[in-house]
Structures are given as C-alpha cells and as structure tokens.
Asks: 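Please see the structure below; I have some questions.
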Amino acid sequence: MAKNKSSEKTAENAENKELKEEEIKEEKGVKEEKETKEETKEEKLQKELDEKNDQLLRMAAEYDNFRKRSQREKDALYLDCKASVIKELLPVADNFDRIFANPDISFEDYKKGVEMTFKQFENVFRDLKVESFGEEGEAFDPNFHNAVMHSEDENLGENVITNVFAKGYKVGDKVIRPAMVAVAN
C-alpha cells in the first residue's frame with residue numbers, strides 16, 4: 001500500500017503539475033492574445049496615421065501644383081493681353097514708318113499722313129475701350145487728375161481745370177494715367 005500511496009501522490013503531483021502548466025499556458029495565451037490585440041491596435045493606429053500623413057502630403061503637393069499652374073496661367077494671360085494690344089497698335093506703327101520713310105513728301109502730305117495716323121490711333125483706343133479725360137473747364141477730381149500747377153482767376157470757380165498738360169486715360173473704372181492739369185483757385 002505504501003507503494004500505492006506514493007504512486008497516487010506521484011500521479012496526483014503529475015496531475016497538479018499538468019494543471020499548473022495548463023493554467024500557465026492559458027495565462028500566457030491570454031497575455032499573448034492581449035499583446036496581439038494591443039499590437040493590432042497600435043498597428044491600426046500607425047496605419048491610420050500613415051494614411052493621414054500620406055493624404056496631407058498629397059494635398060500639399062496638389063496645392064503647390066495648383067499654385068504653380070495658376071501663376072503660369074496668369075503669366076500666360078498677361079502676355080496674351082500684351083500681345084493683343086500690340087497687335088492692335090502695329091498698323092499705326094506701320095503708317096508712321098511709311099510717313100517717315102518717304103523723304104520727298106510735302107509738308108501738307110506729311111501733316112495729312114500724321115492726322116490720318118492719329119485718327120487710326122484713336123480708333124484703336126476706341127476699340128480697346130480706352131477713354132481719355134481731363135478737359136479745360138471740368139471740375140478737378142483728385143481721383144482722375146494730377147494738379148501740377150495752381151492759379152488764381154476770379155472769373156473761374158473753385159477747383160476748375162484751367163489747363164491740360166497731358167490727357168488722362170482709363171479703361172472702364174481703372175485709371176491708366178491721371179490727367180496732368182492746372183487748377184484755378
């Protein structure tokens with residue numbers, strides 16, 4: 001019986017040992033599972049962060065491309081506008097070349113050619129919707145006129161233009177050049 005008891009104890013000890021090992025394995029499994037879940041959460045968060053960083057970088061690149069493209073389009077538009085205006089003025093320049101190229105022209109013909117060319121120049125301005133302003137007798141407006149001289153004249157009212165040294169020009173409401181004028185009183 002002593003052998004039986006000792007074999008029973010050994011079997012019991014072996015069983016307890018197996019149970020403890022199983023418990024340890026289960027605890028390790030639970031820990032590993034938790035660590036795996038935690039790693040999975042960390043991996044998911046890192047993946048989300050990487051995606052957001054990628055989106056941000058792409059958006060920054062798209063904005064930079066948009067800004068560069070807008071500047072190129074603006075520059076191209078500016079050149080196109082300049083070219084369009086110059087194209088309108090080229091016939092006027094050609095007529096001036098013709099006037100100056102003829103050495104045997106009489107004064108009357110020369111004068112007539114300049115007058116015709118000036119009319120053509122005015123027509124170009126009209127087509128481009130460029131308006132001149134600044135006439136004697138008009139009221140002085142500092143938004144449109146640049147007073148370069150002042151005079152006293154009892155016959156004229158307050159802030160009346162008495163002399164125009166250079167006409168002003170505008171396109172729509174935009175003043176290209178203010179008129180240079182003399183103002184009374």
Side-chain angles (χ1 to χ4, degrees), residues 46-185:
Q46 186 62 44
K47 187 176 179 181
E48 279 183 46
L49 179 63
D50 291 343
E51 287 175 5
K52 294 299 179 187
N53 281 338
D54 186 52
Q55 282 179 337
L56 183 63
L57 288 173
R58 287 178 189 273
M59 191 178 299
E62 284 178 22
Y63 175 74
D64 191 46
N65 290 340
F66 169 76
R67 187 182 51 78
K68 288 176 183 176
R69 184 176 57 248
S70 296
Q71 185 62 42
R72 280 193 307 268
E73 289 172 357
K74 181 181 168 187
D75 293 343
L77 182 62
Y78 177 74
L79 287 174
D80 288 346
C81 290
K82 270 175 67 173
S84 176
V85 170
I86 291 170
K87 184 178 177 182
E88 294 290 324
L89 293 173
L90 286 176
V92 176
D94 292 340
N95 284 336
F96 276 122
D97 286 341
R98 287 186 198 100
I99 292 169
F100 297 132
N102 190 349
D104 301 328
I105 193 169
S106 70
F107 179 74
E108 289 300 316
D109 288 340
Y110 182 78
K111 184 179 174 184
K112 185 178 179 182
V114 170
E115 287 173 355
M116 289 172 61
T117 304
F118 185 71
K119 284 286 185 198
Q120 184 181 24
F121 189 73
E122 286 178 330
N123 289 338
V124 169
F125 269 16
R126 187 190 70 240
D127 292 345
L128 294 173
K129 305 217 182 331
V130 176
E131 299 175 34
S132 65
F133 59 88
E135 300 290 328
E136 288 182 20
E138 286 182 5
F140 175 76
D141 183 349
N143 296 317
F144 296 102
H145 306 104
N146 182 16
V148 294
M149 201 165 106
H150 180 75
S151 63
E152 296 291 330
D153 190 343
E154 296 172 3
N155 298 329
L156 295 173
E158 186 84 15
N159 289 331
V160 175
I161 296 173
T162 59
N163 201 352
V164 178
F165 300 111
K167 286 183 181 180
Y169 293 93
K170 66 180 182 172
V171 175
D173 292 335
K174 182 173 177 63
V175 175
I176 298 169
R177 179 181 81 185
M180 290 179 27
V181 298
V183 181
N185 303 324

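Computed from heavy atoms alone, side chains included, the values below leave out hydrogens, waters and symmetry copies.
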Asks: Nearest 0.5 Å, please: how far is NZ in K47 from NZ in K52?
Replies: 13.0 Å
Asks: Hey, what do you get for CG (L89) to CG (L128), rounding to the nearest 0.5 Å?
Replies: 7.0 Å
Asks: Measuring from atom CG of L56 to atom CZ of R58, what distance do you get when rounded to the nearest 0.5 angstrom?
Replies: 12.0 Å
Asks: How far apart are the closest heavy atoms of V183 and A147, and which atoms are they?
Replies: CG2-CB, 3.8 Å
Asks: Once you round to the nearest 0.5 Å, how far does CG of D141 lie from CZ of F133?
Replies: 9.0 Å
Asks: Checking D80 now: which residues fulfil side chain to side chain donor-acceptor pair (under 3.5 Å) with it, not counting sequence neighbours?
Replies: none
Asks: In Å, rounded to the nearest 0.5 Å, how long is the span from CD1 of I99 to CG of D94?
Replies: 11.0 Å
Asks: Please tabulate, for side-chain N and O atoms in residues 104-120, each donor-acceptor pair with protein atoms closer than 3.5 Å (sequence neighbours left out).
Replies:
unit_1 : atom_1 : unit_2 : atom_2 : d
S106   : OG     : D109   : N      : 3.2
S106   : OG     : D109   : OD2    : 3.2
T117   : OG1    : G113   : O      : 2.8
Q120   : OE1    : N95    : ND2    : 2.4

Asks: Please tabulate, one pair per line, all N/O donor-acceptor pairs under 3.5 Å involving side-chain atoms of residues 164-182, not counting sequence neighbours.
Replies:
unit_1 : atom_1 : unit_2 : atom_2 : d
R177   : NE     : K167   : O      : 3.2
R177   : NH2    : K167   : O      : 2.6

Asks: Under 3.5 Å, sequence neighbours excluded: what are the donor-acceptor pairs made by side chains of residues 65-72?
Replies:
unit_1 : atom_1 : unit_2 : atom_2 : d
N65    : ND2    : A61    : O      : 3.4
R67    : NH2    : D64    : OD1    : 2.5
K68    : NZ     : D64    : OD2    : 3.2
S70    : OG     : F66    : O      : 2.9
Q71    : NE2    : D75    : OD1    : 3.0

Asks: Listed by chain and number, what are the ring-ring contact (aromatic ring centres under 6.0 Å, His included) partners of F100, not counting sequence neighbours?
Replies: none
Asks: CG of D50 to CD of Q55: how many Å apart, nearest 0.5 Å?
Replies: 11.5 Å
Asks: Do any pairs count as a side chain to side chain donor-acceptor pair (under 3.5 Å) and have a residue in residues 123-137, sequence neighbours left out, and if so which ones?
Replies: N123-R126
